[in-house]
Amino acid sequence: MGAFNWFWKAMGAQSERNDKKSKAIVEDSAAAHSRLRELSDEEVAQLARGAVCGGEVKDKPALLACLAVAAERKLGLVPFNVQSQAVLRLLSGDVIQMATGEGKTLVGAMAATGFALTGQRVHLVTVNNYLAVRDAEWMRPLVEFFDLSVSSVTEKLAPGARREAYLADIVYAPVNELGFDVLRDNQISDRSQTVQAPAQVALVDEADSVLVDEALVPLVLAGSRPGTDPTGQITAVVARLKEDSDFRVAEDGRTVSLTEDGAAKVERELGIDSLYSEENIGAILVKVNLALHARALLIRDVHYIVVDGGLQLIDASRGRVADLQRWPDGLQAAVESKEGLEVSDGGRILDTLTLQELMRRYPRVCGMTGTAVEATDQLRQFYGLHVSVIDRNKELRRFDEADRIYATLAEKYAALVEEIAAIHATGQPVLVGTHDVAESEELAEALRARGMDPSVLNAKNDAEEARIVAEAGDIGRVTVSTQMAGRGTDIKLGGADEADHDRVAELGGLAVIGTARYRTSRLDNQLRGRAGRQGDPGLSLFFVSLEDDVVRQGGEGEELQVQPGADGRIESKRAQEFVAHCQRVTEGQLLEIHAQTWKYNQLLADQRIIIDERRAQLLDSDAAWQELEERAPQRAAELADVPLETKITAAREIMLFHLDLAWADHLELMDDVRESIHLRAIARETPIDEYHRIAVREFKELAQRAVDDAVETFQKVRIDTGGAHLDEEGLARPSATWTYMVSDNPLAGAGNSVLSSIGNIFR
Ligand code: ADP
């Protein structure tokens with residue numbers, strides 16, 4: 001009997017995926033919904049609590065109906081059946097595919113509320129700070145209807161408020177903040193300092209971006225170390241230099257150098273004989289060069305912005321503010337000095353965590369995105385997640401044109417600008433998706449020359465750009481945007497208030513134009529998805545040239561025999577197929593890199609788990625004191641006068657300090673090993689085995705060294721009623737830490753440089 005039960009349960013779970021079954025549940029819930037209209041808020045909330053039992057949803061139709069009633073009463077939104085179905089799939093732990101504009105924000109909040117009702121804390125993972133706050137506030141009445149709490153965590157939130165926010169039943173937070181808090185919590189030496197309360201569910205918005213595209217992006221925690229100090233005087237001298245006569249910028253805009261005149265000027269003003277003498281090369285010339293680089297090559301608002309007295313770097317390839325990323329030490333300081341900001345210290349990496357590792361810490365992960373289907377393989381392979389496709393509420397009326405293919409980049413851009421001008425002339429709004437900030441700027445310039453007034457979005461300011469994008473569907477608008485900009489904001493026809501909806505619909509709706517195919521068709525579809533929401537008309541169209549990176553990389557070694565027309569246009573079915581083929585090749589390469597990198601990361605991820613366990617043991621017990629007492633009984637005896645509690649705390653601090661230090665050393669070492677091992681990859685050896693061998697050996701040593709060093713410190717450090725005075729031994733933890741995301745990962749970003757580097761690895 002038991003075996004049969006199991007069998008039927010398994011069958012049930014499977015057939016529920018099948019539309020029919022879940023549609024039946026949704027229909028039941030719709031019927032229940034009308035009956036619930038009679039009940040008071042309190043009664044509905046009570047009913048919802050009754051629909052769950054022992055951490056499981058017992059009565060799905062009832063739960064869905066209660067959530068729907070709450071959404072109707074508190075948000076004025078009656079969930080469409082397709083939305084309820086999506087909630088159902090999320091509660092079963094799937095990644096759902098739902099097109100843009102279908103109302104994923106509501107779906108996510110309903111599902112999160114469902115999880116919270118079963119007693120599981122949910123982290124609703126957003127792609128930026130702006131969306132975390134917007135969605136939490138928008139959905140708050142729904143969540144609070146059930147006596148549950150909701151909060152948002154953002155970059156700006158101070159530690160005390162953060163700790164508080166994490167206690168809510170549903171926490172909206174950008175993925176990097178969640179990861180940074182994990183990293184910071186792994187540096188504490190007293191349990192009470194923990195900021196993040198554990199969550200059982202991660203519900204990921206834009207799941208394919210987070211779980212696939214950025215999965216291998218490391219989040220980094222770095223700590224201060226007395227810095228390289230670029231003197232303000234050098235900055236001032238460099239500021240007075242003149243371009244061309246005193247210094248020259250190379251044609252590619254990547255390097256800058258002093259002329260002889262410039263060097264003489266600097267020498268005079270600094271009162272030194274020669275910049276190039278042995279004593280000055282290290283101390284002064286380096287700083288002069290850094291200051292010059294900062295002045296001539298790094299442009300405010302293009303490469304960085306100044307916010308709250310600090311620098312925020314702009315990631316050129318993706319066009320968004322890179323999270324507190326820093327330039328290599330000296331350069332960061334040089335730019336800070338140039339901007340008259342307080343110069344920050346240099347630092348070292350204390351710990352790192354990839355988004356993939358972060359996600360795997362949650363017992364349950366589910367997610368939503370407009371483009372999950374194309375990521376099915378990755379989601380299954382790396383996370384064991386299943387994709388459910390949710391029907392559209394209204395039929396898609398967007399027209400996806402075939403690619404317009406040109407022989408050269410120049411011909412493509414000429415045609416692109418022509419097409420935008422032609423569409424614009426009719427009043428139809430146009431959204432142009434570019435690949436990087438530089439391309440956006442160039443295109444905008446060309447459009448201005450043609451009398452248009454485009455809005456350009458580079459993901460510098462999420463809130464401001466959300467406002468602009470919301471208007472992108474209004475009559476006569478031209479918006480130029482990188483892929484990351486304005487994400488998560490719905491583009492309604494006729495402006496955010498839809499005042500001119502019908503007129504724009506008559507003009508054909510929003511026209512979306514891609515300046516080149518992205519490296520995966522999934523990214524193309526993300527852009528296309530911006531048009532044709534909720535049954536609106538719309539158009540999507542990509543321009544391609546045979547000189548595009550995707551085509552060159554993916555089609556390497558292949559020849560396409562075609563005759564372009566006078567304007568360079570290539571109209572042949574074969575060319576269309578060739579472009580699609582090239583994209584499939586680059587997709588395959590990316591998947592291969594992902595799989596490779598995953599192998600490298602996995603071992604360190606496993607080792608981190610061991611470190612985490614050890615940390616927890618040291619934090620939550622007096623193991624540290626017992627171990628030190630055993631290893632150094634004499635020293636322990638000397639401390640007879642110190643209260644036991646103080647000794648336990650002191651021992652814990654010493655042990656944790658050395659454990660963390662050893663781990664940071666380990667990460668640094670393995671990073672170096674990986675760099676050098678990559679060289680061997682080209683020589684076709686099997687570097688991964690070598691890497692594993694070294695990692696395992698080093699990790700064993702790490703554990704031993706951490707304890708030995710702790711014993712040594714314990715022997716000599718002053719310990720009294722005030723605890724262990726680690727700082728007297730130069731062993732204090734960094735006085736300041738900062739966090740950033742490394743985004744020059746080959747898998748991140750849509751930039752063209754990405755593809756060139758892939759070419760190198762695979763050749
Ligand atoms: P997505 O994230 O899927 O692109 P959003 O969550 O931003 O979509 O929602 C798009 C728009 O649809 C929002 O303006 C929202 O208010 C509206 N919306 C969502 N669900 C409903 C509903 N059931 N009835 C009416 N409007 C809805």
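Counting starts at 1 for both ligands and their atoms, in listed order.
- Residue contacts with ligand 1 for Ala71 are absent, since no atom lies close enough (heavy atoms, distance under 4.0 Å).
- Side chains of Glu439 and Thr515: a donor on one and an acceptor on the other come within 3.5 Å.
- Closest to atom 3 (O) of ligand 1 among all protein heavy atoms lies Lys104 N, 2.9 Å.
- With hydrogens and angles disregarded, no donor-acceptor distance shorter than 3.5 Å links the side chain of Gln97 to the backbone of Val387.
- Distance from atom 13 (C) of ligand 1 to its nearest protein heavy atom, with residue and atom name: Trp138 CH2, 3.9 Å.
- A donor-acceptor contact shorter than 3.5 Å is absent between the side chain of Gln85 and the backbone of Lys23.
- Short contacts between ligand 1 and Pro79, defined as distances under 4.0 Å to a heavy atom of the residue, involve ligand atoms 23 (N).
- Near Ala99, the atoms of ligand 1 lying under 4.0 angstrom from a non-hydrogen atom of the residue are 3 (O).
- Atom 27 (C) of ligand 1 is approached by the protein to below 4.0 angstrom, counting heavy atoms only.
- From the protein, the heavy atom lying nearest to atom 9 (O) of ligand 1 is Gly103 CA, 3.5 Å.
- Side-chain atoms of Gln381 and His594 form no donor-acceptor pair, as typed in the model, at a separation below 3.5 Å.
- The aromatic rings of His123 and Tyr362 stand perpendicular to each other, their planes meeting at an angle above 60°, with 30° marking the opposite boundary.
- Put simply, the side chain of Arg517 never gets that close to the backbone of Ala580: no donor and acceptor are under 3.5 Å apart.
- When hydrogens are left out, the protein atom nearest atom 24 (N) of ligand 1 is Phe80 CZ, 3.4 Å; that is the closest non-hydrogen contact.
- Among all heavy-atom pairs drawn from Leu385 and Gly93, the shortest one is CD2-O, 3.6 Å.
- Those atoms of ligand 1 that come under 4.0 Å of a heavy atom in Asp490, given as number and element, are 10 (C), 11 (C).
- Scanning the protein for heavy atoms near atom 4 (O) of ligand 1, the closest one is Gly101 N, 2.6 Å.
- Here the closest non-hydrogen pair linking Tyr172 and Ala109 is OH-CB, 3.5 Å.
- Of the N or O atoms in Lys492, one or more lie within a sub-3.5 Å distance of an N or O in ligand 1.
- Shortest contact from atom 20 (N) of ligand 1 to any protein heavy atom: Gln83 NE2, 3.0 Å.
- Val107 and Ala86 get closest at one heavy-atom pair: CG1-CB, 3.7 Å.
- When each atom of ligand 1 is checked for a heavy atom of Arg533 under 4.0 Å away, the hits are 11 (C), 12 (O).
- Among Thr105, Thr100, Leu77, Val78, the residue whose heavy atom lies nearest to atom 23 (N) of ligand 1 is Val78.
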